[in-house]
Amino acid sequence: SELQSLARISYAVFCLKKEEDMEKMVPCAQCGRLHKYGEMYTSREVHTAYGFGFAVCRECYDDEMDRFLAEHPPFKEN
């Protein structure tokens with residue numbers, strides 16, 4: 001699928017190690033919009049079978065966190 005293709009591209013870019021690569025424009029694994037690699041986050045939802053998260057934009061990361069916290073509310077002390 002198209003999302004799987006974007007995720008593969010994002011995964012490949014995630015493996016880059018050179019500092020200048022942080023400015024490279026790459027697609028978000030969730031929405032597909034292009035962002036600077038250095039400004040992306042590790043996805044909690046889109047990952048390899050081994051748990052290695054793909055790169056996602058801030059907006060998608062925030063959406064993932066909202067979904068996670070809705071299912072797992074933080075512990076509150078009395």
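The structure presented is a predicted model; accordingly, all values stated were derived computationally and were not measured. Just so you know, residue 1 is the first one in the sequence shown, and it goes up from there.
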So which atom in [X] and which in [Y] form the shortest heavy-atom distance, rounded to 0.1 Å?
{"X": "Leu34", "Y": "Pro27", "answer": "CD2-N, 3.5 Å"}
{"X": "Thr42", "Y": "Val56", "answer": "C-CG2, 4.3 Å"}
{"X": "His35", "Y": "Cys57", "answer": "NE2-CB, 3.2 Å"}
{"X": "Val26", "Y": "Met40", "answer": "CG2-SD, 3.2 Å"}

Validation: residues 64-73 side-chain donor-acceptor distances under 3.5 Å, sequence neighbours left out:
from	atom 1	to	atom 2	distance (Å)
Glu64	OE1	Ser43	OG	3.2
Glu64	OE1	Arg44	N	2.8
Glu64	OE2	Gln30	NE2	2.7
Glu64	OE2	Ser43	OG	2.6
Arg67	NE	Glu45	OE2	2.9
Arg67	NH2	Glu45	OE1	2.8
Arg67	NH2	Glu45	OE2	3.4
His72	ND1	Phe68	O	3.1

* To do: Would you check if Lys24 and Lys36 make a side-chain contact, meaning some heavy-atom pair closer than 4.5 Å?
  =>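 No - every pair of side-chain heavy atoms lies 4.5 Å or more apart.
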
* Are Phe54 and Thr48 side-chain neighbours, meaning at least one heavy-atom pair lies under 4.5 Å? ->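 A side-chain contact exists here, since the closest heavy-atom pair is under 4.5 Å.
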
* Which value, rounded to the nearest 0.5 Å, describes the distance between Arg33 atom CZ and Met25 atom CE? ->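 Taking CZ in Arg33 and CE in Met25, the distance rounds to 11.5 Å.
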
* Starting at NE2 of His47, measure out to CZ of Phe52 and round the result to the nearest 0.5 Å. =>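 Nearest 0.5 Å value for the NE2-CZ distance: 12.5 Å.
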
